[in-house]
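Structure first, commentary second.
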Amino acid sequence: MKAIVTVMLKNGVLDPQGKAIGQALATLGFAGVGEVRVGKRIELDLAETDPAKAREAAEAMARALLANLVIESFSVEIV
Amino acid sequence: MQAAIVVFPGINRERDMAIALELATGHKPRMVWHKETTLDGIDLVVLPGGFSYGDYLRCGAMAAHSPIMAEVKRHAARGGYVMGVCNGFQIITEAGLLPGALLRNAGLRFLSMDCHLRVERADTAFTGHYQQGQTFRVPMAHGDGNYTASTEDLDRLEGEGLVAFRYAEPSGALTTAANRNGSARNIAGIFSPNLRVLGLMPHPEDLVDPLMGGTDGKPLFDGLAAALAA
């Protein structure tokens, strides 16, 4: 089964990449774009077949390595 | 003082660091491959700058889990000295030896230029050959040097006197203009509570010989050699 870990900068942490992308979109003429935030999507193929255990494992991986909880938050989706 | 420099794949400042340490101590530091697991007989462990593991995932994130890092943590726990410069500072924060994290520079640009650091305290092994409050010129070269930490951690670092260096004007004034990467409270380097672990973004090892354009970084290494002479 597959776990999708999404890692984003925490709310309140300045995201200069998102800001630059927002400015570029405005330059291209796309109106009405508010805040832009950039993150990472990490897909894990897991041998685990139990969704609850797979989620638990992916969350442990996110805490240990995939996300830096000082500046980032993460969410896990099991598919 | 016996120093060791940890060599991770992708770093590129280990030879500069070796030159600076040899100038100060009179002998070559030990180069330790990241897959080694012992640091016996080592007084000071240095994590140099560069791009360990190509900055995959986050700067320093991969190196922080290299085999040698368990021993670096034990060395620190025993009261050993550790210094991380640039990527080494990122590795140290990723490994949890110092609080906070280094974000992308506020202006998004890779900054390769000289800056000035203000010495926040001179009663440590790392800063003993500087004067408190003095500034010195030092090169920096990084894309992710924007120091951040929780408000509580920042208050604690300042309250306990654990800020080592701040980005400043040559006069010592702390300005936004001098703080090119956007670091919280102009912080360029921090100490552990026992003052034996130092992490900083700029490169004092690259200004230790007149041939390099100056010797402003040399007191850091001379101070370490004097403090750890035994």
Side-chain angles (χ1 to χ4, degrees), chain A residues 2-28 30 33-48 54-79, chain B residues 52-67 69-70 73 87 89-111 142-157 176 179-185 187 190 199:
Chain A
K2 198 175 239 186
I4 300 170
V5 181
T6 305
V7 180
M8 300 294 296
L9 284 172
K10 276 183 184 169
N11 285 332
V13 174
L14 182 70
D15 182 356
Q17 275 191 95
K19 228 174 164 178
I21 290 168
Q23 283 164 4
L25 288 172
T27 306
L28 286 168
F30 291 101
V33 180
E35 195 186 17
V36 180
R37 294 187 74 76
V38 179
K40 294 188 194 91
R41 172 188 165 110
I42 300 161
E43 297 185 358
L44 307 165
D45 269 323
L46 302 178
E48 182 59 60
R55 172 177 295 279
E56 207 173 295
E59 285 176 355
M61 294 177 210
R63 279 191 294 271
L65 177 65
L66 304 179
N68 178 339
L69 298 182
V70 176
I71 48 173
E72 296 170 326
S73 59
F74 69 88
S75 60
V76 174
E77 188 189 344
I78 302 294
V79 294
Chain B
S52 57
Y53 297 86
D55 282 346
Y56 289 172
L57 191 64
R58 292 178 306 276
C59 300
M62 297 291 151
H65 301 288
S66 276
M69 285 307 293
K73 286 181 188 173
N87 194 206
F89 186 17
Q90 295 163 340
I91 294 167
I92 277 183
T93 58
E94 282 282 345
L97 277 171
L98 289 173
L102 286 309
L103 289 167
R104 183 66 51 90
N105 291 344
L108 279 176
R109 286 174 192 270
F110 189 97
L111 296 169
H142 59 250
D144 297 69
N146 181 350
Y147 183 73
T148 188
S150 66
T151 305
E152 303 85 78
D153 276 341
L154 291 170
D155 288 346
R156 187 177 57 78
L157 286 169
T176 307
N179 190 25
R180 296 293 294 266
N181 58 27
S183 288
R185 306 185 192 182
I187 291 173
I190 54 172

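So you know, we letter chains A, B, ... as the sequences are listed, proteins then strands, and number each from 1. Note that the structure is a prediction, hence the values are computed from the model and not measured.
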Minimal non-hydrogen separation, A/Pro16 against B/Ala106, with atom names: CB-O, 3.7 Å

Anything under 3.5 Å between chain B and chain A that's a donor-acceptor pair? List each one with its distance, please.
unit_1: B/Leu57; atom_1: O; unit_2: A/Lys40; atom_2: NZ; d: 3.1
unit_1: B/Arg58; atom_1: NH1; unit_2: A/Leu65; atom_2: O; d: 3.1
unit_1: B/Arg58; atom_1: NH1; unit_2: A/Leu66; atom_2: O; d: 2.9
unit_1: B/Arg58; atom_1: NH2; unit_2: A/Leu65; atom_2: O; d: 2.8
unit_1: B/Glu94; atom_1: OE2; unit_2: A/Asn68; atom_2: ND2; d: 3.2

Heavy-atom proximity to chain A below 4.5 Å, by part of B/Leu57: both

Engaged part of A/Val13 at the chain B interface, taking heavy atoms whose separation is under 4.5 Å: side chain

Closest contact, heavy atoms only, B/Ala61 versus A/Leu65: O-CD1, 3.9 Å

Euclidean distance, B/Leu103 CG relative to A/Ile71 CD1, rounded to 0.5 Å: 4.5 Å

